[in-house]
Protein chains: 2
Amino acid sequence: MQLPQKDANTLGSDHRRPKIEQLHTMSKPETRIQQRNRAAILSAGLEIFSQFGLRGSTLDQIAEAAGLSKPNLLYYFKSKDAIYTALLERLLETWLDPLQKMDANGDPIKEILGYVHRKLAMSKDYPRESRLFANEILQGAPHIANHLSQDLRQLVDEKAVVLKEWEAAGKIAPIDPHHLVFSIWAMTQHYADFDVQVRAVLGDKDPFEDAMTYLDTLFRRMLTPPKP
Amino acid sequence: MQLPQKDANTLGSDHRRPKIEQLHTMSKPETRIQQRNRAAILSAGLEIFSQFGLRGSTLDQIAEAAGLSKPNLLYYFKSKDAIYTALLERLLETWLDPLQKMDANGDPIKEILGYVHRKLAMSKDYPRESRLFANEILQGAPHIANHLSQDLRQLVDEKAVVLKEWEAAGKIAPIDPHHLVFSIWAMTQHYADFDVQVRAVLGDKDPFEDAMTYLDTLFRRMLTPPKP
DNA sequence: CCTCACTTTGACCGAATGGTCAAATTAGAC
DNA sequence: GTCTAATTTGACCATTCGGTCAAAGTGAGG
């Protein structure tokens, strides 16, 4: 239920940098203790922030969940906001990944359905991450607004071109590619973000299997080109 | 941008009652001042809560938005939570309405598309209400959990039966009715709840017209029964 | 075992926040 | 106008919260 941690040997990805700077050292690699405690804090932060949002969460809650004292938290991250921001940054890479993997050279319908499948799997396996993200967007995305209009927009525009090419080649029925992407996001994330509601309506039966079947059918019917 | 206020003459709907009880009087009708100030507080509360959530909003913010002093707020609502709860209750009626209106005796595809249309219109016209609701669900629906598993579940189950009948009569292609409803919720509310993201990707062009076209196409293709 | 940098924490602080209250002001019935 | 109940508010309180700091503790290399 954890996002796959980046290998510690990976060269300083942009999200670890600020944490290091904020320690008293600048260049030394992380000690075992640092790794353990940073990981514990991020994990605890994810748990708490995804439940209560940024303002709704307290350092004491996070500290307790991480098994550390509050001043000790602030030894590793310089503020509550820093923990939240670090989480969001780590999350963003992971979030774009499934769409990035959609291959322009693959079979169109298979590629799109593959994306839907990966995205639904993320809702199932990383619901806390999904809710953290949803919360941030709901509040107007104050911490990642620029990321959305840069990286995200560019990626979606790229894929929209691919979708339009598939359409022009008669491989998929005509659609608005941007709204296609929105609908995939909406329906897959719904099962993580609105989990309580879904389960309230369905009873306790696990929704994800039927959801996948449903989404598969939906996109097949919508995208299969009309017979000539 | 306001939910249609219930007529003041309507006999005490369940959502006005608690406010009255909390005043010093028990049975007298609301004075003009009460009506004005309650409305101002609820309107301000909607504005603030939908932006910052329950814990993220402060009484001072709401008081300022309502043009009242903080103690005066608490003269009309006995706590911050009471304002929030009153808003949620008022919202719930409105939220179920579009689904309720789906007519078992109408033309199936037209009825379903009509529901989609009404729901999308609500996202466009009442985005604050949508976000307030989304926020509540995201946090685990602590204030309305029981409403979800009672009223909402019952309503959806009823409509699921209707959808299955339509399917049996060959009027729509076979689908899982519950997930059909979920997908309508997800895709329509997405345009209110994830508005920032949608606009970041699309630029400032208004999303709703294209969204309606897209959703219309999507559901038509998915629901139109295969030719015999 | 000593040392020194790294780590941890108890005590504390100022600001923000939800809420109270008694006193002042105002609206409306007569 | 007068009286009463409804309304409004400034001052205040207790608690929570994010964050600081100096001091204490600890681990690892020599």
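A note on names: the letters A, B, ... follow the listed sequences, proteins ahead of strands, and every chain is numbered from 1. Here the structure is a predicted model, which is why all the values come from computation and not from measurement.
Under the 30°/60° scheme for interplanar angles, the aromatic rings of A:H190 and A:F194 are found to lie parallel. Using bins of under 30°, 30° to 60° and over 60° for the plane-to-plane angle, the ring pair B:Y191/B:F208 lands in the tilted bin. A tilted orientation is assigned to the rings of B:W95 and B:F133, their planes being inclined by 30° to 60°.
In terms of phosphate contacts, B:Q34 brings a side-chain nitrogen or oxygen within less than 4.0 Å of OP1 or OP2 of D:dT7. Residue B:Y75 places at least one side-chain N or O closer than 4.0 Å to OP1 or OP2 of D:dT7. Distances shorter than 4.0 Å separate none of the side-chain N or O atoms of B:N72 from OP1 or OP2 on D:dT7.
Look at NZ on B:K80: it is 18 Å from P on D:dT15, rounded to the nearest Å. Between the CZ atom of B:F77 and the P atom of D:dT8 there is a distance of 13 Å, rounded to whole Å. One interatomic measurement links the two molecules: CD1 of A:I41 to P of D:dG19, which rounds to 13 Å at whole-angstrom precision.
Taken to the nearest 0.5 Å, the CZ atom of B:F182 stands 6.5 Å off from the NE2 atom of B:H178.
The main-chain N or O of B:M102 is never found under 3.5 Å from a side-chain atom of B:E111 such that the two would form a donor-acceptor pair.
Considering every non-hydrogen atom in both A:L202 and B:H179, the closest pair reads CD1-NE2, 4.2 Å.
Heavy atoms from other residues, nucleotides or ligands lying under 6.0 Å from CG of B:D204 number 12 at most. Summarising the local packing, NE2 of B:H147 is surrounded by more than 12 heavy atoms from other residues, nucleotides or ligands at distances under 6.0 Å.
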Output a table of nitrogen or oxygen pairs between the protein and nucleotides 20-29 of chain D separated by less than 3.5 Å.
unit_1	atom_1	unit_2	atom_2	d
D:dA28	OP1	A:R32	NH2	2.8

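The side chain of A:R55 lies closest to C:dT17 when the candidates are D:dA6, C:dT17, C:dG19.
Less than 4.0 Å separates DNA chain D from at least one heavy atom of each of the following residues of residues 56-63 of chain A: A:S57, A:T58, A:L59.
A:D210 has a carboxylate O that lies under 4.0 Å from a charged side-chain N of A:K205, or vice versa, which qualifies the two as a salt bridge.
Taking the nucleotide of DNA chain C with the nearest heavy atom to each of B:D81 and A:N37, the more 5' of the two is matched to A:N37.
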